[in-house]
Engineer: 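Structure in structure tokens, see below.
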Amino acid sequence: MNGKFHLKRLMFSMASLVDLGQEATSSKELAEKLKSSLYVVTGMFSVPTAALFVYRPQQKLLDLLAVKGHKESVRTETKLSLAAGHIHSFRPNDPHPLREMSEGPFYERNKAAFLKLQTTIFIPLFAKDEFVGAIALGKKLGGAPFRQGEKDILRVIAHQMAITLYNAALFSELTKKAAENKRLYESMRRIYHDTIQAFSAAIDAKDGYTKDHSYRVACYAVAIARELGWKKKDVEGIYVAGLLHDIGKIIIDTKVIKKGKELTSLEISEIQKHPQISYDILSKIKFPWKNIEQFVLHHHERLDGKGYPDSLVATELSDGVKILVLVDAFDAMTTDRPYRDKLGLDEAFREVIKCGGTQFDEKITRTFFALLQRELNGEVKDPQILPHLQNLNLDVSRFKALESAQSM
Ligand SMILES: [Fe+2]
């Protein structure tokens with residue numbers, strides 16, 4: 001071969017390698033990307049037929065991924081099968097002339113497929129010491145053998161294609177794992193929520209009068225937190241805190257809880273232990289949400305420091321606590337208790353307004369009323385307050401009057 005032709009050939013090879021590099025790093029689908037790479041190889045070496053296989057380790061098969069110059073039937077029917085020892089006999093990314101392999105068991109096992117593919121060179125593809133696939137090249141046009149320089153270039157190309165296959169397998173594995181983790185997380189989350197709901201029902205069942213109290217507290221708290229623009233995860237947290245805020249009552253004597261009125265001072269102090277017990281129970285659980293145990297510990301605090309258990313004042317109470325303080329008391333006012341009948345809604349509103357600044361935070365109260373107003377106007381898609389107040393014969397006009405009185 002003269003020097004000028006050799007130089008031209010070399011430049012063509014270089015240009016093809018650049019093309020191949022671009023193919024390997026492009027964002028095309030894997031099969032398309034590797035098919036383009038295979039076409040670059042066949043063009044570069046004037047080989048009319050070629051096939052690219054991907055290794056399926058579980059089936060111990062080389063599966064056809066892309067072909068050049070073969071009929072469609074070849075694509076669907078041809079697979080190469082491997083035994084455990086075959087891979088060890090391959091030289092990574094090195095072109096193996098088929099006549100060298102013809103004595104070996106791998107060739108014997110796949111003789112028919114190799115004949116069908118008119119293979120003359122078999123290149124096992126390895127990346128990071130892992131067998132990932134193979135290339136089978138047919139005869140060159142004119143039938144000349146592959147020269148050493150061409151085999152060197154083939155080795156480089158094979159390595160590049162191996163890395164593409166390896167990365168694609170890794171990516172698909174990661175995507176599969178991520179999807180599986182997401183599924184697992186979702187099912188754990190469901191179990192978590194169901195367990196919390198069951199606990200909440202058990203708390204409310206202890207005191208017949210407060211049936212569904214925890215659930216309503218949770219719904220009201222969610223509505224206010226959303227209105228205040230809390231993040232989704234924090235909204236979920238206050239929902240759980242609402243459901244579990246009275247969990248400490250489970251330990252307190254049912255007779256004391258149901259008695260309601262004429263409690264002795266001993267019984268009062270017994271009942272007032274429940275936020276601390278709730279805290280002690282919940283602080284042992286590693287929740288995926290922040291501050292649950294603090295919210296429940298302080299749901300009987302007041303802005304003026306006259307609450308329990310820690311007599312905190314306004315500046316020491318978080319918005320989450322202030323929300324629970326309001327909605328817990330509001331639900332107590334609007335449901336029957338052993339010691340009194342439920343208040344009418346306007347009475348409850350007057351009470352909330354009256355206690356603004358001493359028991360309840362006014363920003364939270366305003367938010368609650370404004371939201372209820374929007375629910376009444378039908379402006380809220382998924383109302384969380386109104387559906388629980390239907391049995392109170394809500395008089396919209398009276399509520400409006402109260403609201404304007406509050407803003408004065
Ligand atoms: Fe409570």
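Every number for a ligand or one of its atoms is a count from 1 in the order of the listing.
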Engineer: Take the angle between the ring planes of F114 and F106 and call it parallel below 30°, perpendicular above 60°, tilted in between.
Structural biologist: perpendicular

Engineer: Given E186 and R183, is the salt bridge (Lys or Arg N to Asp or Glu O under 4.0 Å) satisfied, shown in steps?
Structural biologist: CA-CA 5 Å; E186 284 302 327; R183 259 198 312 277; over 6 Å; no

Engineer: Do D304 and T358 have side-chain atoms, one donor and one acceptor, less than 3.5 Å apart?
Structural biologist: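 Side-chain D/A pair, D304 to T358: absent.
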
Engineer: Would you say the side-chain atoms of D246 and H299 include a donor-acceptor pair closer than 3.5 Å?
Structural biologist: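 There is such a pair (donor and acceptor under 3.5 Å, judged by atom type) between the side chains of D246 and H299.
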
Engineer: Among the N, O or S atoms that D246 has, which is closest to the Fe ion (ligand 1)?
Structural biologist: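 For D246, the N/O/S atom sitting closest to the Fe ion (ligand 1) is OD1.
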
Engineer: With a cut-off of 2.8 Å, does H245 put an N/O/S atom close enough to the Fe ion (ligand 1)?
Structural biologist: no

Engineer: With the Fe ion (ligand 1) at the center, what angle do NE2 from H300 and NE2 from H299 span, rounded to 10 degrees?
Structural biologist: 80°

